[in-house]
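Reminder, nothing fancy here: chain letters follow the sequence lines and each chain counts from 1.
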There are 2 protein chains.
Amino acid sequence: MATIEDVAKLTGLSRTTISRVINNHPYVSEEKRKLVLEAMEKLGYVPNSSARSLRNQKTSILALFIPRITNPFFSELVEATEIAAAEHGYQLIICQTRYSPEKELNYMNLLKTKQVDGVILASIQNEWKKLKPFLQYGPIVLCNEFDDCANVPTVRLDQVYGGYIATKHLLEQGHTKIAYCSGGYRSNVAQSRETGFKKALAEYKLTFDERYAFRDAFHIADGKRVFHQMMELFERPTAVFTGSDEVAAGIISEALRCGYRIPEDLAVVGFDNQAITELTNPTITTVHQPVKQMAQKAVDIIVEKIQTKKYDVQEIYEFPLQLIVRASTIGNKLHGSEA
Amino acid sequence: MATIEDVAKLTGLSRTTISRVINNHPYVSEEKRKLVLEAMEKLGYVPNSSARSLRNQKTSILALFIPRITNPFFSELVEATEIAAAEHGYQLIICQTRYSPEKELNYMNLLKTKQVDGVILASIQNEWKKLKPFLQYGPIVLCNEFDDCANVPTVRLDQVYGGYIATKHLLEQGHTKIAYCSGGYRSNVAQSRETGFKKALAEYKLTFDERYAFRDAFHIADGKRVFHQMMELFERPTAVFTGSDEVAAGIISEALRCGYRIPEDLAVVGFDNQAITELTNPTITTVHQPVKQMAQKAVDIIVEKIQTKKYDVQEIYEFPLQLIVRASTIGNKLHGSEA
DNA sequence: GAAACGAATGAAATCGTTTTCATATTCATA
DNA sequence: TATGAATATGAAAACGATTTCATTCGTTTC
């Protein structure tokens, strides 16, 4: 393995000059520069990353925290983040917290041990006060998930509005008994959507019915289960808001299998605008989230924070959400509700 | 930021002793050990990763190469790989080649610059002879994708068998006009499946019809397109083998939308056993791939290779595939073919 | 013609660890 | 009581880069 010393010896120059060539510093004669480049080529020399990291106090690695990558929303986020990071010359380490506060805290040591230059949190499993101390070691940027207490840059989507427009759409179709599905209690994303959901209900003088709330719906299978739970209710809902397209697809799939009609018997609205929304037979009305833009922005910001070294500023960047109306809420001009 | 020197000063000991405590070396008196641990706690000291990497010539980072992470098969692979890596104390850097040989080669420099201890290739975009030179810098393990020329450990699945059992299943249902879909020409995975497909055909004295071959099908949308291409053929196939559940789902979705019956008009077999196979209305017959086991094995092996430093050995570990029969090929005891 | 400046180069310190080697002490053994 | 091991500790040399500070040599400038 050739080192800078080998190149120096071969060229008869000092390490300093070699380093200057590597880093495109001025004050190197064209003659020597060529000599060095040839020697580097000949030796197959490439600077050692660890040595550079140590000397420069910089790893060019970012960490992205997500609960799990097989959730298509997070897949998309990882895809976009990796691409954006690469554009800035950064590598991306994936940290799957699997919803565990301990795992999250453990991964946070990547920042403390200087294995990464910064952390992007796309989900949060601990209270902010547990996370905050790590700010002294490097920048933390919130992306998607957020926390009002957190004094750090936050890139997020207007989830209240998302919950609101999706619900309002159902209300406009005449529905009054609308169930609510989400994934988890802890997430502020989910809570915001619920706020938007309730806001829309309130505008129609309706109150939130706890019996219609299912806050443990993450996957397709959960959607199928929730469908049955809804149908067992005394007063069945005629529409359902879900926090993910997978759950919506699960509900629809199970409903159809059991002989129900969508949206006539049950209108369903998803969230995320995943590929599967075009797959089910009534295609799925959903809320589009501009994941790419969000990821790009988060990376831009963290790169800037790494440079400026000012980490504890609360800046909020919010992107809009967009309702995509498809067939799962509007069936052949029929209204689904006969409240 | 506290360094080992600070701990040494605070305790009045040498860096050597601090290091011994950190690394659990023998020959440190219990008294001093406690003293050191207290000082570390007090200073919030944690060893610097870059310094350790440089000194130990080891980063504890692996790189995983995939075309793109939003393909659910690769999401699952990344998930399992990250978990397995974490168990061994390794971090995982994601490298999305996006099917580009240049990007792949570029990411390979992670190995050369010693930013990672090893590379797991889950897809291959270059000829092996382009990749081979990197072996002098660290271990490369093939996982999922493979190359017979490659003199490295390979963890793979028996794709010939996978293509064979899926096709044989269709043949057993009486089909004789079976279309073939795959994603890409270059991949040995796809080519092996095609070999298995042809082998099954041959056993039934049927020949491969190039007009029935669609080798550019990756996503749901491709499935929809391919469905129409198939239906425009003079002699329509009565069954179709696909290289992914997404494509299968796309075909089924579009077929249903256009009023065709599945499997009566067209039997469809997918690949991967993804969640969506349980979503479409006739659920999708597919081939299950033991992704977790494969990923776990690949990580186990690369960790071992990092230790033993013997990289250029061709060892092949093959896991079996399994046909999962669902409704998209067997409809209510009806046979779909009337050749 | 001296002073000042710019271009080109190198010696040595530095980043924060781990490891090698040396030294000192204790303790058992012949 | 000398001898050799086992235990406990530290000084200094690595690991492979970058940067600071000199130094040297031309070239301008007054």
Side-chain angles (χ1 to χ4, degrees), chain A residues 1-37 39-40 43-61 109-117 137-138 309, chain B residues 1-37 39-40 43-61 109-117 137-138 309:
Chain A
M1 192 96 329
T3 73
I4 200 170
E5 183 67 38
D6 298 326
V7 183
K9 280 205 180 114
L10 183 60
T11 55
L13 296 166
S14 72
R15 298 203 298 275
T16 313
T17 304
I18 314 301
S19 176
R20 287 217 179 85
V21 172
I22 295 170
N23 296 287
N24 285 314
H25 283 169
Y27 302 156
V28 178
S29 68
E30 200 48 47
E31 172 203 9
K32 301 283 161 73
R33 180 185 304 281
K34 262 192 192 156
L35 189 65
V36 169
L37 290 175
M40 281 171 38
L43 293 171
Y45 169 78
V46 148
N48 178 297
S49 292
S50 303
R52 287 191 122 174
S53 295
L54 175 58
R55 176 63 225 216
N56 295 336
Q57 304 284 48
K58 182 169 192 333
T59 62
S60 293
I61 304 179
N109 284 318
L110 289 174
L111 200 57
K112 197 169 179 183
T113 62
K114 293 280 169 202
Q115 193 153 23
V116 302
D117 290 339
Y137 307 111
K309 300 192 174 166
Chain B
M1 190 96 330
T3 71
I4 199 170
E5 182 68 39
D6 299 326
V7 183
K9 281 204 180 113
L10 183 60
T11 55
L13 295 167
S14 72
R15 298 204 297 277
T16 313
T17 304
I18 314 303
S19 177
R20 286 213 179 89
V21 172
I22 296 169
N23 297 286
N24 284 312
H25 281 171
Y27 303 153
V28 177
S29 67
E30 200 46 48
E31 171 203 8
K32 303 283 162 75
R33 179 184 307 279
K34 262 192 193 155
L35 189 66
V36 169
L37 290 174
M40 284 173 30
L43 293 170
Y45 168 79
V46 147
N48 178 296
S49 290
S50 302
R52 285 191 125 174
S53 295
L54 175 59
R55 176 64 224 213
N56 295 336
Q57 304 284 48
K58 182 167 191 336
T59 62
S60 295
I61 303 178
N109 285 318
L110 289 175
L111 202 55
K112 197 168 176 183
T113 62
K114 291 279 167 204
Q115 194 153 24
V116 301
D117 290 340
Y137 306 111
K309 300 191 172 165

Measure from the side-chain heavy atoms of [X] and tell me the nearest of [options].
| X | options | result |
| --- | --- | --- |
| A:Ser29 | D:dG10, C:dT18, C:dT9 | C:dT9 |
| A:Arg55 | C:dT18, C:dT9, D:dG16 | D:dG16 |
| A:Tyr27 | C:dA7, D:dA13, D:dG16 | C:dA7 |
| A:Ile22 | D:dG16, D:dA6, D:dT18 | D:dT18 |
| B:Thr3 | C:dT19, C:dT17, C:dT9 | C:dT17 |

For [Y], is there any backbone N or O sitting under 3.5 Å from a side-chain donor or acceptor partner on [X]?
| X | Y | answer |
| --- | --- | --- |
| A:Asp117 | A:Lys58 | no |
| A:Ser53 | A:Ser49 | yes |
| B:Asn109 | B:Lys112 | no |
| A:Lys114 | A:Tyr137 | yes |
| A:Gln115 | B:Thr59 | yes |

Would you say a side-chain N or O of [X] is under 4.0 Å from OP1 or OP2 of [N]?
| X | N | answer |
| --- | --- | --- |
| A:Asn23 | D:dT18 | yes |
| B:Arg52 | C:dG16 | no |
| B:Lys32 | D:dT9 | yes |

5' precedence on DNA chain D between A:Asn48 and B:Val28 (nearest-nucleotide basis):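 Nearest-nucleotide comparison on DNA chain D picks B:Val28.
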Euclidean distance, atom [atom1] of residue [X] to atom [atom2] of [N] [Å, nearest integer]:
| X | N | atom1 | atom2 | result |
| --- | --- | --- | --- | --- |
| B:Leu35 | D:dT9 | CG | C1' | 13 Å |
| A:Gln57 | D:dA17 | CD | P | 17 Å |
| A:Glu5 | C:dG10 | CD | P | 12 Å |
| B:His25 | C:dC21 | NE2 | P | 15 Å |
| A:Gln115 | C:dT17 | CD | P | 13 Å |
| A:Tyr45 | D:dG16 | OH | P | 10 Å |
| A:Lys9 | D:dG16 | NZ | P | 12 Å |
| B:Ile4 | C:dT17 | CD1 | P | 5 Å |

Do [X] and [N] have a side chain to base donor-acceptor pair shorter than 3.5 Å?
| X | N | answer |
| --- | --- | --- |
| A:Thr17 | C:dA8 | no |
| A:Thr16 | D:dT19 | yes |
| B:Ser50 | C:dT17 | no |
| B:Arg20 | D:dT9 | yes |

Sugar-phosphate only, base, or nothing, as touched by A:Val46 at under 4.0 Å among non-hydrogen atoms: sugar-phosphate
Sugar-phosphate only, base, or nothing, as touched by B:Leu13 at under 4.0 Å among non-hydrogen atoms: sugar-phosphate
Most 5' of A:Leu54 and A:Pro26 on DNA chain C, judged by nearest nucleotide: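 Result: A:Pro26.
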Pairwise distance CD1(A:Ile61) to CD1(B:Ile61) - rounded to 0.5 angstrom: 4.0 Å
